[in-house]
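Labels below follow one simple rule: chain letters A, B, ... track the order of the sequence lines, proteins then strands, and each chain is numbered from 1. As the structure is a prediction and not an experimental result, all values here were calculated from the model.
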Amino acid sequence: MVSLLDMPDVPMNSILDHGGPSVIFSLRKVCKNLRDYIDETMPELHLDAINICLEYKKITITWSHYLENVQISYKLHGNGYKTVFGENEITIENVDYMEGFWNDYSLIMKYQKSSLKRFHLHLSNSTDVEDVSKFLEQYQNSGTIKTQYLDLGIYHGDEVLVILQHLNANCLKNIRFFSASYYDKNIDFTEIVKLDQWKNANEFSSRNLSIDASMKHFTHFSKINAEFQHIYSEPGNLNVLKEVCIFEKKIV
Amino acid sequence: MSSTEQGTSSAAPAEPTTAPESAAAPEVPESFYYVHGKDKVVHKVSAGALQHSALIHGMISNLGYTEEQAKANPFPFENIDGDILQMVVDWCNQHKGKPTPPEDTNLPKQKEKLFDLVLAVNYLEIKELLTYCCKQVAMMVKGKSPEEIREIWMIPTDAEDEAAEKEAKKRAGKEAAGETAAAAGDAK
């Protein structure tokens, strides 16, 4: 009789390594022995990107890995939630869909030790203020995310500071904000520009957003693609930009 | 399959038949070693092919056998089934002195054979073949639900496991009590 539980450590680690995250998480749910083994060895996931999209009573997470692209949805269903993973659907009773998502997300981030290339967080499609607040509360309680690129679909604009604060300031190189709606979105840059995450980044872009902030806070970027609402007449505003372009040759 | 030739099965190392002659004779005569598994069938394998196995390669380097000594002392791998050792020897021969391809599609599809092959290859420390085997096991798990994985790989659920453990404890307790009673009876 053959049992996977009798597999020695070296091949077991190789199986986890060559199966990708979906194999690690499937095996973890098989039995306590495998769960304990995986939790003890903590195999690295090596995810390239994570995409989280918050919609009405639904969260979808997609991860990219060199072996697979996986999408899992968590939807409100009765007094619990339903997860949809490929052709598989599982219904969980008496647990909030957001709690279900955060349980799995926390597990993913526990195993993801290397820096992500991209982290996409799209709050733009959500229409439920309460759910966005609940999401941000959980986000604040989760660990710091290491990513080189942030793609943030904003909801109201107030959440930007919180989102940025929880990204590793040494990894983040590229920031992009966008809005999916045409309503006015106000991003208050007063505190954002003080963050190391902002200061250390090299590139900034925005889409469907009009930036209302002084240009001096953008001169450290080597590449900007954004629309500014006003050119402030404060002393040196445009001059600062001109000098950076002429003398530092940083801005493309 | 492979060109490896087998000797007859016996308790003492059997006389192996000679390996096939290569078309062009090598300038330096190649050295051969001998291995057998649980079935005692002896396989003659070149040192070049055995280089894939870190374990055997280490043994060869340390022993410094002559051809005669190697023939008289085949490496015994009593923990490896004969057919599995045959697969391993075939693979080593096929990949002798060649760069290993990124995929190997000739691995057993049956999980029992694949599992035994993994154990053997892990023991013999054949890194590339172990990677192929583990990739195949991973592919057998991929896309399966935890229930399906449990079924395929004969893994009990946590509840079944706990129940079996309780039952075993109960049985052990009863046996111990029986032994004590028997000992007390003997003392009378």
Looking only at B:M139, B:K135, B:K142, B:E148, the option with the highest number of non-hydrogen pairs under 4.5 Å against chain A is B:K142

Is the shortest distance from a Lys or Arg side-chain nitrogen in B:K144 or B:E151 to a carboxylate oxygen in the other one below 4.0 Å?
no

Carboxylate-amine/guanidinium contact A:K57 A:D131, below 4.0 Å:
yes

From A:T147 OG1 over to A:L167 CG, what is the distance, rounded to the nearest 0.5 angstrom?
7.0 Å

What is the minimum heavy-atom distance between B:A138 and A:G19, and which atoms define it?
CB-CA, 3.6 Å

Give, as side chain, backbone, both or neither, the part of A:E87 having an atom under 4.5 angstrom from any heavy atom of chain B.
neither

Salt bridge B:D81-B:K38, side-chain N to carboxylate O under 4.0 Å:
yes

Contact between B:F77 and B:L124 at the side-chain level, heavy atoms closer than 4.5 Å - yes or no?
yes

Can you say whether the rings of A:F119 and A:Y139 are parallel (under 30°), tilted (30 to 60°) or perpendicular (over 60°)?
parallel

Is there a donor-acceptor contact under 3.5 Å linking the side chains of B:D90 and B:Q86?
yes

Sub-4.5 Å heavy-atom contacts with chain B: which residues of residues 34-53 of chain A show up?
A:L34, A:R35

Sort A:S22 into side chain, backbone, both or neither according to what part of it lies under 4.5 angstrom from a heavy atom of chain B.
side chain

Per-residue contact mode, A:M12 against chain B (heavy atom under 4.5 angstrom)
neither

Top of A:N33, A:I15, A:D17 for chain B proximity - count of heavy-atom pairs under 4.5 angstrom
A:I15

B:H95: which residues meet the ring-ring contact (aromatic ring centres under 6.0 Å, His included) condition with it, sequence neighbours left out?
B:W91

Polar contact flag, side-chain donor to acceptor under 3.5 angstrom, B:T66-B:Q69
yes

With a 4.5 Å heavy-atom cut-off (strictly below), which parts of residues 69-81 of chain A touch chain B? List them by number.
none

Run A:S133 and A:E130 through side chain to side chain donor-acceptor pair (under 3.5 Å) and show every step you take.
CA-CA 5 Å; A:S133 308; A:E130 224 174 89; over 6 Å; no

If you check every heavy atom in residues 46-60 of chain B against those of chain A, which residues fall under 4.5 Å?
none

Are A:C31 and B:D161 close enough that some pair of their side-chain heavy atoms sits under 4.5 Å apart?
no

Using 30° and 60° as the class limits, which term best fits the ring planes of A:W102 and A:Y105: parallel, tilted or perpendicular?
perpendicular

Pairs of heavy atoms under 4.5 Å with chain A: top-ranked of B:V118, B:L130, B:V137, B:D158:
B:D158

Quick one: of B:N122, B:V121, B:V141, who has the most non-hydrogen atom pairs under 4.5 Å with chain A?
B:N122

Could you tell me whether B:E162 and A:K32 make a salt bridge, using a distance below 4.0 angstrom between a side-chain N and a carboxylate O?
no

Does a donor on one side chain and an acceptor on the other come within less than 3.5 Å for A:Q112 and A:S114?
yes

Test side chain to side chain contact (heavy atoms under 4.5 Å, CB included) applied to B:T157 and B:R150, step by step
CA-CA 7 Å; B:T157 61; B:R150 262 184 228 126; 3.6 Å; yes

